[in-house]
Amino acid sequence: MNQLNAPQARAVRFVDGPCLVLAGAGSGKTSVITRKIAYLIEDCGIPARNIAAVTFTNKAAREMKERASKLVKGKASRGLIVSTFHNLGLRIIRAEYKKLGLKAGFSIFDSEDARAVLKEIMLRNNDLDTDLLDRVQNQISTWKNDLVTPEQALQMVQSPGEEAFARIYLGYDQALNAYNALDFDDLIGRPVQLFSDQPDVMARWQQRVRYLLVDEYQDTNNSQYRLVKQLVGDRHSLTVVGDDDQSIYAWRGANPENLNQLQQDFPTLTVIKLEQNYRSTSRLLRAANHLIQFNPHVFDKTLWSDLGLGEPIRVLRCANDEVEAERVATEILHQRLGRGIKFRDFAVLYRGNHQSKLLELKLQQHQIPYNISGGTSFFARSEIKDIMAYLRLVVNPDDDNAFLRIVNTPRRQIGTSTLQTLGQYASQREISLYAAAHEFGLQQQLPAQAMQRLQKFVDTLENTRRACEEHDPVRILRELVDEIDYEGWLHQNASSGKVAERRMENVHFLLGSIQKMLDKDEDDSMDLQAAISKLILQDLLDRQEEEDLSDRVQLMTLHAAKGLEFPHVFVLGLEENILPHANAVAEGNVEEERRLAYVGITRAQKTLTLTLAAKRKQFGEVLETTPSRFLDELPQEDLIREGFGEESSPERNKDRASATLANLRDLLA
DNA sequence: AATCCTGGAGTTTTT
DNA sequence: CTCCAGGATT
């Protein structure tokens, strides 16, 4: 406890009621949460199994779990729940699935699976263009986040267009039901629905979770907040940690209003601010504070640090986008040579992924090693999706989506016409494709050979399913992968043997991960079904180790940088229409863009360099750009501008600022 | 099944 | 301009 500053310690010790910790960037919020967990267990005598800490990402959960178990001695931390919202939802659903009308072995659809279902429905209805797919998917997600059922959506609609969306929503939910499947949003929505329908079930979970902590609270959406309130009940044993200035996910349903809502929902709420920053120089914090003041605030806070004034912020205006990238590359080389800074201590942040392209090119030219975070996730890889589809189907025969993905992968000469007949038959009888493939009635409608092939496929899976119940499931799964000669299929398809080998490695890695999960068997009885559904929520790509070991410049979007810190930071493209992004300006949501810039600035520990291009190639033509309004919102005396016509120094900037002020006064007079 | 062609879009992303 | 998806072509 003596490693904490006063407000941190107060936040840890305060347990008599709901507590909101407004934790500014770099103010040690994870320490507060983990120490509070330890305090609850060791000093308040609350058993670990009755404490739950909820985060948004697996990474954050992992880190928190590690740090918490280091603080709590021995086995006292056993049973502690540290998980993502979605994992907590899954835990509840797994325990209560019968009450939700689900069958054992239910599948979880990721957004790609969900997309496929939606597309199918839209094609069937053929009243909607498939370019609306993304919008439909978004709308459905929004509805689910707001706990609006398809029926309610149909009642609410105000235009034929909206009605069409709502009808698809209805069809989509029915399809998920038929497939015995849930989507990501359901993992939150279904427990909430269950809790409000059956208070006795809710009461049971309230007893299980006697103290709840929520990290990154500003990122919660409506259904997540609802779940929090339900779990907390009227006990009010709740600590949430968040920073309204770092709310950058409103576009995907996060509702930072939830921070203010808290005060209404919990009138006895105690608010504790953490304003001391342990990351950045005071000049960087001054700039960050100055910028964010342009946003309205319910809770004011001012970050400070005692890490010294530090260097001014440099603003480099380059001739064009190419020069901008080139400049960053050479700048990194210079700093490395001149000041002995390692590559890994630099991060280059940008608004959109495409902005990395030019930079990558330049970094390669200068042979600067770099790392881009935010590639395709492990589960987006085709080989993983294939094998997962096999596993899903073994566990959940109703999963038509999985069936369709693998029925002809590897090739079994089961073509579109066979599948069409099968599909028709199945929907007539209202059974799954898998079940339909077993039925004798189908024999009359299909050529003998096609029927045989289908049968063989289904038999293989059926045998696997049975064998898994009696033997070591992972062994059986390996045998399945052998039997279908997946490796052969990979080699046949991949452009090179090396690629195929890599993919096969991924498959083995996946199976290994399942093995690990089954072996661990930590909280509840972990079976194959549980392992599979849990795996889908987890990003297995622990490239982390590779990244950490190697000396590479870090490239990522501003969004991806949240929660991270780097000694030396570059932020690219401080231009109108990039940061703030054109769409955000059009939608009148500059505030979130400002927070994005704020997140960027507060990532830096020692130096910050902001760049922009005077001209930028866009959609094939070269356009003049306008410097970002955010540059004007920084304290000019902390900036060194370069490339703005007149060279400038902090003093000159001060003059500039007072000159504009004088002009303004003249104008007003 | 592989390849070519065309059209359209062109933020941010986790689970 | 560049990338992707989807469709058509071979």
With a centroid cutoff of 5.5 Å and a plane-angle limit of 30°, would you call A:H581 stacked on B:dT11?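 Given the distance and angle limits, yes, they stack.
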
Using a cut-off of 4.0 Å on non-hydrogen atoms, how would the nucleic acid contact of [X] be classed: base, sugar-phosphate, or nothing?
X: A:K357; result: sugar-phosphate
X: A:E593; result: base
X: A:F56; result: sugar-phosphate
X: A:N353; result: sugar-phosphate

Roughly, in whole Å, what's the span from [atom1] in [X] to [atom2] in [N]?
X: A:E621; N: B:dG10; atom1: CD; atom2: P; result: 17 Å
X: A:D134; N: B:dA9; atom1: CG; atom2: P; result: 11 Å
X: A:R115; N: B:dT13; atom1: CZ; atom2: P; result: 17 Å
X: A:L133; N: C:dG6; atom1: CG; atom2: P; result: 8 Å
X: A:L227; N: B:dT15; atom1: CG; atom2: P; result: 17 Å
X: A:R62; N: B:dT14; atom1: CZ; atom2: P; result: 13 Å
X: A:E360; N: C:dC3; atom1: CD; atom2: P; result: 11 Å
X: A:L623; N: B:dG10; atom1: CG; atom2: C1'; result: 13 Å

So does A:S111 reach the base of B:dT15 with its side chain, donor to acceptor, closer than 3.5 Å?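 Indeed, a donor on one side and an acceptor on the other fall under 3.5 Å apart.
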
Taking the side chain of [X] as heavy atoms from C-beta outward, which of [options] is closest to it?
X: A:L537; options: B:dT11, B:dT15, B:dT13; result: B:dT15
X: A:N583; options: B:dT11, B:dT15, B:dT13; result: B:dT11
X: A:E587; options: B:dT13, B:dT11, B:dT15; result: B:dT11
X: A:N58; options: B:dT15, B:dT11, B:dG10; result: B:dT15

Can you confirm whether or not the ring centre of A:F457 sits under 6.0 Å from the ring centre of A:F403?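 Centroid separation for A:F457 and A:F403: below 6.0 Å.
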
Below 6.0 angstrom between ring centroids: does that apply to A:H86 and A:F56?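 Aromatic pair excluded; centres sit 6.0 Å or further apart.
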
Starting at the 5' end of DNA chain B, which residue's closest nucleotide do you reach first, A:A560 or A:F619?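 Checking each residue's closest nucleotide, the 5'-ward one belongs to A:F619.
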
5' precedence on DNA chain B between A:H559 and A:T57 (nearest-nucleotide basis):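 First, find each residue's nearest nucleotide; the 5'-ward one identifies A:H559.
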
Aromatic rings A:Y97 and A:F106: how do their planes relate, parallel, tilted or perpendicular, breaks at 30° and 60°?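 Rings of A:Y97 and A:F106: tilted, 30 to 60°.
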
Roughly how far apart are A:W143 CH2 and A:I140 CD1, rounded to 0.5 Å?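 Going from the CH2 atom of A:W143 to the CD1 atom of A:I140 covers 7.0 Å.
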
Establish, with yes or no, whether the OP1 or OP2 oxygen of B:dT13 is under 4.0 angstrom from a side-chain nitrogen or oxygen of A:T557.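 Yes.
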
Under 4.0 Å between a side-chain N/O of A:K119 and OP1 or OP2 of C:dG6, yes or no?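 True: A:K119 side-chain N/O within range (under 4.0 Å) of C:dG6 OP1/OP2.
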
Among A:E576, A:E324, A:E621, A:E624, salt bridge (charged side-chain N to carboxylate O under 4.0 Å, His left out) partner for A:R616: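 That would be A:E324; it is the only one of A:E576, A:E324, A:E621, A:E624 passing the salt bridge (charged side-chain N to carboxylate O under 4.0 Å, His left out) with A:R616.
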
Residue that, paired with A:L490, satisfies side-chain contact (heavy atoms from CB on, under 4.5 Å) out of A:E501, A:M504, A:R502: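 Exactly one pass, corresponding to A:M504.
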
